[in-house]
*Asks:* 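The structure follows.
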Number of protein chains: 2
Amino acid sequence: MFVSADDVSDTSATIADRIFDRLRQAIVEGEIPPGSKISEPVLAARYGISRGPLREAMRRLESTNLVDRKPNVGARVITLSSDQLLEIYVIREALEGMAARLAAQQMSDAAIADLQQLLAQHRSEVARDGQTYFQQEGDLDFHFRIVQGSGNRRLIDILCNDLYHLARMYRCQFGMKSDRVRDAIKEHELIADAIAEHDGELAEWLMRRHIRLSRRAVERRLVAENSGQSVSTFRSRH
Amino acid sequence: MFVSADDVSDTSATIADRIFDRLRQAIVEGEIPPGSKISEPVLAARYGISRGPLREAMRRLESTNLVDRKPNVGARVITLSSDQLLEIYVIREALEGMAARLAAQQMSDAAIADLQQLLAQHRSEVARDGQTYFQQEGDLDFHFRIVQGSGNRRLIDILCNDLYHLARMYRCQFGMKSDRVRDAIKEHELIADAIAEHDGELAEWLMRRHIRLSRRAVERRLVAENSGQSVSTFRSRH
DNA sequence: TCAGGATAATCTGTCGACAATCAGCGCATG
DNA sequence: CATGCGCTGATTGTCGACAGATTATCCTGA
């Protein structure tokens, strides 16, 4: 019934930390459907633990905005709305734009070479078999590296521990068969070039434009799909 | 020994939520000194509660990066470093710049009028009795309103629930006798004017410059104070 | 005198149980 | 027939207690 630990390390010291990772993954990948109520007793029984660590994990999930809690009532998995998706794009535009600027100023030559090698791999992949789902993960990989390259620990924390999980959640819920991969790859290359030339100003501008274009593409898809039916809340595919 | 609930509402339904608010305030205001170890039994006894709710509150504090936890060892209040302070300024530059742009596009006329009235009040205050500490809170007030005006809920959440508490914590630890208040007020007015004219582009540019200048001022103060002694970690005034 | 190891005390992590609160449901009543 | 009320069942919030781990202490020996 549950996809058993495909690649998660799950080697933390405490149960609460492990259960937090597993729950986050389960929520992000849609295993626990959006909007569903989370019952502490059944979850604790399912994972074979007590309610104490589970509640601590829930508190962390609440902090990262993956679940919504009401006192004395319980917790529900958040229901993704198109509004919130667009809000995330706006924040990513600001934050990753800054990350690109910092990366251009600070990234080591070795890291830049790695980045460009990753891009070459992406290019060959997309040339080989078009727009596959894996490409989407590759996109996150690219952004992930640039954020890491910024060297700003709190920036890395916000992006990698909150927003990227949200982004992955949206992609798992939606099909996300982006018809924009070729353009996106090209934009990635421009950004990488700007970083390679240590042009922070340009790197930020290009990154912001890149994310803005992605957001517009999603926006168009939303209004296209949304003709007549509300996509504001997703079907709960239990 | 403890400043008893000066203005915190503390009317949440659950103990864990109340204790989270109180602990956060205590940490931010330096009541629990930076770097000090947090012992669950003594804190629980001090607040007259059990360890369960306390641990849930600690998990939330961990998520907001106000405490640092090591498994089987315990939690310590974070020690503020000048590096991290500068990192926060960088993030604020990106995020609040975007907030100013959005606010210029979306803020209602009434909210804009309120904002300008707040600025007028600040101006009169700073003209009356120079650079008071209270002025610093007024600065946060101004930024707070613009972030609220952006209408982006997640942006508001990140800024108001994480970064502003950190900023307040730095101000409580440092003396923060800013000699920049007059310039800052002027910059605030320019930003408010841009918002009033619904010029998002300009508002973002001005806000980013404003925060960048504030960061540079802090930077200068740091290197000035730091001549000979490390300010990287603060004295623990137990 | 100082290094090293064994012991003890304390603390964290986890669990099961009790009490308070809320959602759902049936029933009475206008 | 619709609506308000009380009851029941289950769930959440909270507590105290136990097990494992870590830190501090003290004793021994070189």
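Quantities reported herein were computed from a predicted structural model and do not represent experimental measurements. Numbered from 1 within each chain, the chains take letters A, B, ... in sequence-line order.
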*Asks:* With the sugar-phosphate defined as primed atoms, P, OP1 and OP2, and the base as all remaining atoms, what B/S/- string results for nucleotides 13-18 of chain D, 5' to 3', for protein heavy atoms under 4.0 Å?
*Replies:* BBBBB-
*Asks:* Base, sugar-phosphate alone, or nothing: which one does A:Ile38 contact when heavy atoms must sit under 4.0 Å apart?
*Replies:* sugar-phosphate
*Asks:* Is a donor on one side and an acceptor on the other found under 3.5 Å between the side chain of A:Tyr170 and the backbone of A:Ser81?
*Replies:* yes
*Asks:* Whole angstroms only, please: what is the OH-C1' distance between A:Tyr47 and C:dT14?
*Replies:* 19 Å
*Asks:* With a 4.0 Å cut-off, would you call A:Asp139 and A:Arg171 a salt bridge?
*Replies:* yes
*Asks:* Sequence neighbours excluded, which residues qualify as salt bridge (Lys or Arg N to Asp or Glu O under 4.0 Å) partners of A:Arg215?
*Replies:* none
*Asks:* Indicate yes or no: at least one non-hydrogen side-chain atom of A:Ile38 is less than 4.5 angstrom from one of A:Leu23.
*Replies:* no
*Asks:* Rounded to whole angstrom units, what separation is found between the CG atom of A:Leu54 and the P atom of C:dG13?
*Replies:* 16 Å
*Asks:* Any ion pair linking B:Arg18 and B:Glu56 (charged N to carboxylate O, less than 4.0 Å)?
*Replies:* no
